[in-house]
Amino acid sequence: MHSLWIETYDKKYEFPKLNSSLSCDICIIGAGIFGMSCAYYLTKLGFKVIVIEKSEIASKTTGHTTAKITSQHGLFYNYLINNFGTSFARLYLEANEEAIKNIKTIIDNEHISCDFSYQNSFVYTTNPDEVQSIHDEVSAVQSLNFPCKFVTNLGLPFTILGSCMFENQAQFHPLKYVYGLVDIIYNNCKIFTHSTITDIRKSNDNYICYTDDGNVKAKHVILACHYPFLKIPGFYFLKMYQSSSYLIAVDTKKTLFNGMYLTAKSPTLSFRAAHINGKDLLLVGGADHKTGTYCNFEASYGVLEKVAKTYYPNCDVLYRWNTRDCITLDKVPYIGLYSHYMPNLYIGTGFQKWGMTSSNVAANIIVDMICGKENKYAPIFSATRMQPIKNRDEVKNMIVQSTKSVVLDKINPSYLKFDDIALNSGGIVQINGNKVGIFKDSRGQIFAVKPVCTHLGCLLSWNDVDKTWDCPCHGSRFDFRGKNLYDPAIKNLETYQIE
Ligand SMILES: Cc1cc2nc3c(=O)[nH]c(=O)nc-3n(C[C@H](O)[C@H](O)[C@H](O)COP(=O)(O)OP(=O)(O)OC[C@H]3O[C@@H](n4cnc5c(N)ncnc54)[C@H](O)[C@@H]3O)c2cc1C
Ligand code: FES
C-alpha cells in the first residue's frame with residue numbers, strides 16, 4: 001500500500017543502475033530525505049558526489065511519513081532536561097528549530113514548490129491523568145526560553161483538556177521537497193537507483209562501496225540507508241530497534257482544521273491536513289507497535305478508521321499506508337562518525353519518527369565534519385556515544401524480543417498446520433523437519449520461503465496486514481516471495497518449491 005505522497009507525485013526522472021566502477025569525493029548510500037539533503041549541501045559546495053539507492057528516491061520511510069516539520073517531538077523536553085540536563089535540551093531544541101529555518105531557506109532559494117505551510121503544532125490530551133504532564137512539558141520548554149503555551153481551545157472536532165503549543169512549525173509534501181532537491185543537483189551529482197550496496201571495504205585512504213554490478217571508490221561515505229546494514233564495528237543492532245505506524249488519508253467532506261496534532265501518550269494519534277489535487281484531506285496516524293510484532297487490520301488501519309468515522313461519519317478513506325522508523329535506546333538520534341575504527345564513514349539514523357528536521361540537523365553536522373568545521377550540535381548527537389542507558393524498558397524489550405526470536409522460537413516453535421492457513425494469508429509450518437514460511441494467495445497459489453531473517457538469523461513473523469515477513473529483532477521486512485523490502489537486511493530470503 002503506497003502513501004498519498006507517492007500516489008500523487010509524478011516522477012520526472014529515471015535513474016540508471018550502477019554497472020561500472022566509479023570514483024568520487026563522497027558516496028552517499030540511500031536517497032531518502034537524509035541522503036538527498038546531504039547530496040544537496042555537498043554538491044552545492046562543489047564536491048563530486050555519487051548517490052546509490054537500493055530502490056527509488058524517497059520511496060521508503062521518507063515517502064511514507066506524515067511530513068510534519070517540527071521541533072516538537074512529543075512530550076520530549078521534560079525528558080531531555082531530566083535525563084541530560086538543560087543545556088543538552090536547549091541544543092536539541094535549537095538544532096531542530098534551525099532545521100525548520102534551513103528547510104524553508106532551501107525551499108525559498110531554490111523555488112521548490114512542495115506545499116510548505118507554517119502550522120502550529122500541538123501535543124494534546126483528553127485524559128485528566130495526563131494534564132499535569134502537559135503542564136510539566138510547557139514549563140520545561142519555557143525554561144529553555146522557547147515561547148510555548150498551554151492551550152485548551154483547539155481546532156480538533158473533540159474536547160481536549162490541555163495541550164502544549166509550538167508556533168511557527170510547518171508541514172509539506174515530502175516527495176515534492178526531495179525531488180525538488182534532485183532538480184537542483186541533477187546535473188552535478190550522479191544518482192543510481194535499484195543498486196544495493198552490499199559491502200564497504202577500506203582501500204588505503206578510500207572506501208570501496210560494492211554492489212553486485214559495480215562499485216564506487218570514495219574518500220568519504222555517508223550511510224543514509226536508515227538502519228545500517230553494516231554490523232561490525234558499530235553494533236547498531238544492539239542499540240536500535242524499529243517501530244511501525246499506520247496512516248490513512250480521509251476525505252471528510254467538511255472544512256478541515258489548521259494545525260498539526262499528536263496525543264501526549266499512548267495510544268498515539270496524529271493529525272494533519274493536506275491539500276492534494278484540489279481536495280483537503282485529513283491524515284490520521286497512529287497504531288504504532290514494534291516492527292515485526294503481531295498486528296492485524298483491526299488493530300492498525302481499523303483503529304484509525306474508527307477514529308475518523310467517529311468525527312466524520314460520511315468520510316471516505318482514500319489512502320492507507322504504513323512505515324517504520326529507527327528508535328535509539330536513549331531516544332536521541334545517532335549522527336556523526338559511524339565508528340572510531342572507520343574514519344570518514346558517517347551515519348545519521350534513529351530519527352524516532354521525527355526525521356524531517358532530524359535529517360537536516362544530521363546533514364549539516366556531517367557536511368561540517370567533512371569540511372573540517374566545528375558544529376555546536378554534533379556532540380549531543382554523537383553516534384559513537386557511550387552513556388548509561390536512559391531507557392531501560394526499551395532495552396529489556398529488545399533483549400526479550402531478540403532472545404525469543406533467535407533462540408526460544410527456534411527451539412520451541414509454534415507451527416501452524418498447512419491446511420489451517422487461509423487463502424490470502426500466511427504462517428510457519430513444518431515440512432520434513434524444516435520450518436517453512438507459507439503464503440497462499442487468494443487463488444490458492446503457494447509461495448514458500450525459509451522464514452529466517454538474512455540480517456542476523458531471527459525467526460520472522462507473518463504480517464497479515466501487508467502480506468510480508470517481518471523481523472521482530474531489528475525490523476527487516478520481506479515480501480511473500482522473499483524479496484527484501486526494508487533494511488537492515490539486504491539479502492532476499494531463500495525460497496522453496498512446494499508440491
Ligand atoms: C509513520 C511515520 C510517520 C512519520 N511522520 C513524521 C513526521 O510527521 N515528521 C517527521 O519529522 N518525521 C516523521 N517520521 C520519520 C521520518 O519519516 C523518517 O525519520 C525519515 O523519513 C527517515 O529518512 P531517511 O532518509 O533516514 O530514511 P529513508 O527514507 O528510509 O531512506 C533510506 C534509503 O536508503 C536506501 N537503502 C537502504 N539500504 C541500502 C543499501 N544497502 N544500498 C543502497 N540504498 C539503501 C533505502 O532504499 C531508502 O530509500 C515518520 C515516521 C513514520 C514511521
Ligand atoms: S533484522 Fe536483524 S535479525 Fe532480522
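Just so it is clear, the structure is predicted and the values come from calculations on it, not from any experiment. As the structure lists them, so they are numbered: ligands from 1, and atoms in each ligand from 1.
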Nitrogen or oxygen atoms of Ala58 and ligand 1 under 3.5 Å apart: no
Which part of Phe34 is near ligand 1, with near meaning a heavy atom under 4.0 Å away: side chain, backbone, both or neither? both
In terms of atom number and element, which parts of ligand 1 are under 4.0 angstrom from non-hydrogen atoms of Ser195? 43 (C)
Please could you name the atoms of ligand 1 that Thr196 approaches to less than 4.0 Å, counting only its heavy atoms? 41 (N), 42 (N)
Distance filter under 4.0 Å to Ile52 heavy atoms, resulting ligand 1 atoms: 43 (C), 44 (N)
Side chains of Asn463 and Asp470: is there a donor and an acceptor less than 3.5 Å apart? yes
Distance to 0.1 Å, residue and atom name: give those for the protein heavy atom nearest to atom 13 (C) of ligand 1. Lys353 O, 2.9 Å
Phe15 ring center near Phe192 ring center (under 6.0 Å): no
Nearest protein heavy atom to atom 30 (O) of ligand 1, by residue and atom, and its distance? Thr61 OG1, 2.9 Å
Report, as a single number, the protein N, O or S atoms less than 2.8 Å from atom 4 (Fe) of ligand 2. 2
Starting from atom 3 (C) of ligand 1, what is the nearest protein heavy atom, named by residue and atom, and what distance separates them? Thr66 OG1, 3.2 Å
Is Ser243 close to ligand 1, meaning an N/O of one under 3.5 Å from an N/O of the other? no
Ignoring angles and geometry beyond distance, decide whether Ile33 reaches within less than 3.5 Å of ligand 1 through its nitrogen or oxygen atoms. yes
Atoms of ligand 1 less than 4.0 Å from Ser245 heavy atoms? 1 (C)
Within ligand 1, which atoms have a heavy atom of Arg324 less than 4.0 Å away? 53 (C)
For the residue pair Ile490 and Asn484, what are the closest heavy atoms and their distance? CA-OD1, 3.5 Å
Heavy-atom distances under 4.0 Å are what count here, so tell me which part of Ser244 touches ligand 1: side chain, backbone, both or neither. neither
Going by the atom numbers of ligand 1, which of them fall below 4.0 Å from some non-hydrogen atom of Phe229? 41 (N)
Using distance alone, determine whether Thr62 and ligand 1 share an N or O pair under 3.5 Å. yes
Would you say the side chains of Ser245 and Arg324 form a donor-acceptor pair under 3.5 Å? no
Under the rule for salt bridge (charged side-chain N to carboxylate O under 4.0 Å, His left out), what residues qualify as partners of Lys17, not counting sequence neighbours? Asp213
